[in-house]
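We number each residue from 1, following the sequence as shown. Any value given below was found using the heavy atoms of this structure, including those in side chains, with hydrogens, waters and symmetry copies removed.
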Amino acid sequence: MSELLEGESIVCFAGEDWWYHHPHSKNHLLKRYARRNKVLFVNSISMGLPSMANPDFFLKIRRKLKSYMRWLRKVPEGLWVMTPVGLPFYGSRAGRWINRILLVAQLRLAMLLLRMSRPILWVAIPTAAEMAGRLGEKLLLYQVSDKYDANEDSALSMRVICQYDRQLKEAAAVVLYSGRKLFREATEPNRFFMEQAVDFEHFSRPSTEAAAELDGIPHPILGYFGSMDYVMDTELMAEVARLRPHWHWVLLGLKSNLVRMAAPNIHFLGSKPYRDLPKYIRPFDVCVLPWRAHNTFTSYGSAIKVREYLATGKPVVMAPLYEYLETPGLRFYRGAQEFIEQVEAALETDTPALAALRQAAVKDGTWDERARQLAALINSLLRGQGYAHPSAELHPLAEEH
């Protein structure tokens, strides 16, 4: 890296667990920084459990208990991962007070064991606001990846989420926005647009073999990978599956109990290791993102998987997410009939030139490049030099999009 981040201690409060997802932005960046720095990745302390009426209530409890059993351990990527024990009750003042004591005690112990001091504190979840100023940090980064107060996966009140969000924005040296829509609506003078990136080599290099699990599934194949929960437009998917029974959906990833569909041409294959994804993607004819575009939380999403789709060169048919409206080579739909038309057009008219266009759209936006960009920003802040936020690079899109 031309701009190194070296000899620092980094403590990251992530919005996701290390164990249950394909790599997210913090995963990609921190495993690079772990080569020359001490890194402690703190699994999501959550924003409180969903209500007991939520079909995923007990599923989430089981996953979190499994993570608690690991508590603190080093992972192959060279960093330490910790799941602090806490109470999922951020809605009450007493619950927040208890959690603050528990978290501070555990983090200080972990930092002592790992010989970390004066860390760079990287916060990517509002409920970690209680940690600001309590770990002796030399710098606080606040990464905003989602429209947190529109998250349907938590019973925590919007008032508490907004309070935490304000606290962090006031305490942070810089507020990193991962999505265009979030950034364009932000007003903080210390905001910075940290665009998502892609592991281009991993996805652009075709696998020499296809996954055996897809043997016997007829073409055309509409492929999706990633978590499947309330963001999925299951009504649209079911209608398309009915209207085009010869199209087969191959869906890879963790499936929420909220996703309830069954049809002979819909195949849920479960979560697959990141390293094996190219083998599963190889038979895809079209990559799809059937998200609920009118869902507020979803509309702010920056969906790393879209960049990964583009890196494969395969056609992409997706909901019209604000993040990608200006990205060349994508096909957007509004409604089931237009989804069908766009898939048919992709199957009938795609060319090698269009595949090259899609790959070119993301080729230079790699995680190595993003790590260099963020390292330069952090080093500038550590030297007390400040920075210029790149707002001039972003031009607002017309609202009708």
Side-chain angles (χ1 to χ4, degrees), residues 152 179 181 203 214 217-253 255-256 258-269 277 280-351 354-355 357-358 361-362 397-401:
E152 297 178 16
K181 191 172 184 181
F203 289 96
L214 277 72
I217 296 180
H219 291 267
I221 291 175
L222 312 186
Y224 173 93
F225 57 82
S227 294
M228 289 170 273
D229 52 25
Y230 66 89
V231 305
M232 304 295 286
D233 192 341
T234 52
E235 291 84 1
L236 176 141
M237 295 169 69
E239 184 176 0
V240 173
R242 179 180 61 82
L243 294 173
R244 292 294 184 273
H246 62 290
W247 291 0
H248 284 258
W249 297 74
V250 169
L251 306 165
L252 310 172
K255 183 170 75 74
S256 160
L258 294 166
V259 177
R260 296 172 180 170
M261 290 185 300
N265 57 338
I266 297 179
H267 310 272
F268 292 101
L269 301 187
L277 281 180
Y280 285 86
I281 295 168
R282 178 173 174 163
F284 289 5
D285 294 294
V286 180
C287 297
V288 295
L289 190 81
W291 281 9
R292 298 185 187 277
H294 298 297
N295 177 285
T296 301
F297 184 80
T298 305
S299 69
Y300 284 83
S302 51
I304 293 173
K305 66 173 63 61
V306 175
R307 297 173 189 275
E308 295 166 344
Y309 287 170
L310 288 165
T312 70
K314 292 179 181 289
V316 181
V317 174
M318 61 176 289
L321 295 191
Y322 187 100
E323 181 74 14
Y324 294 104
L325 291 178
E326 291 182 337
T327 303
L330 296 172
R331 293 181 176 275
F332 301 106
Y333 69 87
R334 292 165 179 80
Q337 189 55 48
E338 195 168 347
F339 179 96
I340 290 171
E341 292 169 3
Q342 291 287 25
V343 170
E344 288 175 340
L347 293 171
E348 294 167 6
T349 65
D350 202 57
T351 65
L354 287 173
L357 174 70
R358 288 188 286 268
V362 295
L397 297 174
E399 283 301 314
E400 58 266 25
H401 289 309

* To do: Might you confirm whether atom NE2 of H219 has over 12 heavy atoms from other residues, nucleotides or ligands at distances under 6.0 Å?
  => yes
Would you give the length of the straight line joining atom [atom1] of [X] to atom [atom2] of [Y], rounded to the nearest 0.5 angstrom?
X	Y	atom1	atom2	value
Y230	T298	OH	OG1	6.5 Å
I281	K314	CD1	NZ	8.5 Å
F339	D233	CZ	CG	9.5 Å
M228	M237	CE	CE	7.5 Å
R331	T349	CZ	OG1	4.5 Å
H248	L214	NE2	CG	11.5 Å

* To do: Answer yes or no on whether K255 is positioned over the face of F268, meaning its NZ or CZ is under 6.0 Å from the six-membered ring centre and within 45° of the axis.
  => yes
* Asked: Is there side-chain contact between W249 and H267, with heavy atoms separated by less than 4.5 Å?
  -> no
* **Side chains of L330 and V306 in contact at under 4.5 Å (non-hydrogen atoms)** => yes
* Asked: For R307, what residues pass the salt bridge (charged side-chain N to carboxylate O under 4.0 Å, His left out) criterion, not counting sequence neighbours?
  ->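 Checked R307 against salt bridge (charged side-chain N to carboxylate O under 4.0 Å, His left out); matches are E195, E323.
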* According to the interplanar angle, ranging from 0 to 90°, do the rings of F225 and Y309 count as parallel (below 30°), tilted (30 to 60°) or perpendicular (above 60°)? -> perpendicular
Over all heavy atoms of both residues, which pair between [X] and [Y] is shortest? Give the atoms and the distance, please.
X	Y	value
C287	T312	SG-OG1, 4.4 Å
F332	A319	CD2-O, 3.7 Å
G301	L321	O-CD1, 4.0 Å
N265	A241	ND2-O, 3.1 Å
G179	S302	CA-CB, 4.2 Å
A293	P320	CB-CD, 3.8 Å

* Determine, for R358 against D350, whether the closest basic-nitrogen to carboxylate-oxygen distance falls under 4.0 angstrom. =>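 Counted as a salt bridge, because a side-chain N and a carboxylate O are separated by less than 4.0 Å.
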* Any pair counted as side-chain hydrogen bond (donor to acceptor under 3.5 Å, both in side chains), so long as it reaches residues 235-246, sequence neighbours left out ->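 Non-adjacent pairs meeting side-chain hydrogen bond (donor to acceptor under 3.5 Å, both in side chains): E235-R292, R244-E344.
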* Asked: Of L289, V250, L252, which is the lone residue that meets side-chain contact (heavy atoms from CB on, under 4.5 Å) with Y224?
  ->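 Single pass found, and it is L289.
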